[in-house]
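Take a look at the structure set out below.
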Amino acid sequence: MYLLAKVIPLLILPLCLSLALLFLGLIFRWRALSLAAFLILSFFSLGFVSQSLWRWLEAPYSRHSTSEAPQADAVVVLSVGLHPAPGPNRLSEWLDPDRFLTGLDLYRAGKAPRLLFTGGVSPFSPGQLPEGQHYLQEAASRGVPLAAMSTTLPVINTAEEAAAIRRLLPTSKSRVLLVTSAFHMRRAQKLFEAQGIQVFPFPVDFQARGSWAGPLWSDPTQLMPTAGALANSSRALRELLGRLVYRSW
């Protein structure tokens with residue numbers, strides 16, 4: 001099921017879909033299919049399009065300071081994906097530390113007495129430790145008492161994270177400050193609330209550019225196709241597919 005969940009979306013995202021249309025267009029000499037492939041790739045390769053998708057996904061959230069967060073029973077930091085770096089020492093590198101660092105900030109600000117991590121793993125990287133173990137070690141090195149922290153058993157998706165965190169909480173009505181990427185928050189919040197947990201969202205890792213930095217249309221790089229924009233559009237569309245599956249619009 002994990003393999004299917006990872007592979008099937010790839011087949012309908014812009015790159016694979018365009019390649020399939022291009023292949024069929026070449027085989028059957030249907031110019032319309034080749035043109036459709038070109039238009040799909042061009043459209044989703046625009047920074048303006050990927051940014052628009054991110055803004056839609058991340059609405060209505062905005063970035064707040066830790067001082068604005070409410071009190072809770074625990075701060076919960078969801079796994080984000082560490083990169084297994086080459087070398088015999090088997091070290092992992094951060095892809096994005098926003099979730100982890102924000103979780104520490106919330107704990108240090110006294111917003112909750114406990115700091116909980118999820119033990120995200122990938123069956124495709126069997127030699128890598130669960131992320132929660134890395135987070136515990138790093139948080140302890142930064143002065144957070146081990147007695148105040150816990151991590152779940154290995155989990156492979158958000159639904160498993162929610163169920164595993166529920167088992168670490170004292171009551172079914174516990175209140176948590178949920179820390180995850182803004183685009184992922186709506187789906188994560190619904191899955192945690194389905195476990196009976198009261199969720200205070202604290203989104204981070206925003207992909208959309210704040211409007212206060214200037215309008216997108218004034219940035220010419222947003223109107224040129226790039227591989228990075230195509231990758232961002234694909235990530236956003238993948239999250240939309242996840243919301244469709246979990247009915248978390």
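The shortest non-hydrogen separation linking Glu161 to Val155 is CG-CG2, 3.5 Å. When all heavy atoms of Tyr61 and Gln189 are compared, the pair lying nearest together is OH-OE1, 3.5 Å. Pairing each heavy atom of Arg175 with each of Phe200, the nearest pair is CB-CE1, 3.9 Å. Nearest heavy-atom pair, Ala140 versus Leu146, reported as atom, atom and distance to 0.1 Å: CB-CD2, 3.9 Å. Between Arg238 and Leu10, the shortest heavy-atom distance links the atoms NH1-CD2, 3.6 Å. The two atoms that bring Glu58 and Asp205 nearest to each other are OE2-O, 4.2 Å, heavy atoms only.
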Identify every side-chain donor-acceptor pair in residues 24-35 under 3.5 Å, counting partners at least two apart or on other chains, and give the distances.
unit_1	atom_1	unit_2	atom_2	d
Trp30	NE1	Phe28	O	3.4

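Under a 3.5 Å cut-off, the side chain of Ser174 and the backbone N or O of Thr171 do form a donor-acceptor pair. In this structure, the side chain of Thr226 engages the main chain of Ala229 through a donor-acceptor pair within 3.5 Å. One N or O on the side chain of Glu160 and one on the backbone of Ile156 form a donor-acceptor pair closer than 3.5 Å. Between the side chain of Arg167 and the backbone N or O of Thr152, no donor-acceptor pair lies under 3.5 Å. With hydrogens and angles ignored, the 3.5 Å screen pairs no side-chain donor or acceptor of Ser233 with any backbone N or O of Leu230. Side-chain atoms of Lys111 come within 3.5 Å of backbone atoms of Ala69 as a donor-acceptor pair (strictly under, hydrogens ignored).
Contact annotation: the side chain of Leu78 never approaches that of Val179 to less than 4.5 Å [non-hydrogen atoms, C-beta and beyond]. Leu178 is listed as a side-chain neighbour of Met185, based on a closest heavy-atom distance under 4.5 Å. Residues Arg187 and Leu57 are not in side-chain contact: their nearest non-hydrogen atoms beyond the backbone lie 4.5 Å or more apart. Between Arg63 and Val204, some side-chain heavy-atom pair lies under the 4.5 Å cut-off. For the pair Val75/Val176, no side-chain contact is recorded, criterion being any heavy-atom separation below 4.5 Å from C-beta on. For the pair Phe183 and Leu53, the minimum side-chain heavy-atom distance is 4.5 Å or more. Between Leu19 and Leu41 the shortest side-chain heavy-atom distance does not fall below 4.5 Å. Between Leu104 and Leu115, some side-chain heavy-atom pair lies under the 4.5 Å cut-off.
Under 4.0 Å is where a charged nitrogen must lie from a carboxylate oxygen, and between Glu239 and Arg235 no such pair does. The existence of a salt bridge linking Arg209 and Asp219 is confirmed by a sub-4.0 Å separation between a basic side-chain nitrogen and an acidic carboxylate oxygen.
If you look at Phe100 and Trp94, their ring centroids are closer than 6.0 Å. For an aromatic pair to be called close, the ring centres must be under 6.0 Å apart, and Trp217 with Phe48 fails this.
A side-chain hydrogen bond (donor to acceptor under 3.5 Å, both in side chains) check over residues 13-26, counting only residues at least two apart or in different chains, returns nothing. Screening residues 125-136 for side-chain hydrogen bond (donor to acceptor under 3.5 Å, both in side chains) gives Ser92-Gln128, Glu131-Tyr135 as the qualifying pairs, with residues at least two apart or on separate chains.
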Q. Can Val76 and Phe192 be said to form a side chain to side chain contact (heavy atoms under 4.5 Å, CB included), step by step?
A. CA-CA 11 Å; Val76 175; Phe192 272 73; 4.2 Å; yes
- prompt: For Ile40 and Leu17, what are the C-alpha separation, side-chain angles and deciding distance, and is it a side chain to side chain contact (heavy atoms under 4.5 Å, CB included)?
  reply: CA-CA 8 Å; Ile40 290 172; Leu17 179 60; 4.0 Å; yes
ask   = Could you walk me through whether Gln198 and Lys173 pass the side chain to side chain contact (heavy atoms under 4.5 Å, CB included) check?
value = CA-CA 6 Å; Gln198 184 178 354; Lys173 297 299 181 181; over 6 Å; no
Checklist line | Evaluation steps, side-chain hydrogen bond (donor to acceptor under 3.5 Å, both in side chains), between Ser45 and Ser42 | finding: CA-CA 5 Å; Ser45 295; Ser42 299; over 6 Å; no
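Of the N and O atoms on the side chains of Ser50 and Asn232, not one donor lies less than 3.5 Å from an acceptor on the other residue. For the residue pair Ser79/Thr118, the side-chain donor-acceptor check at 3.5 Å is satisfied.
In this structure, Arg108 places its CZ atom where more than 12 heavy-atom neighbours from other residues, nucleotides or ligands lie under 6.0 Å away.
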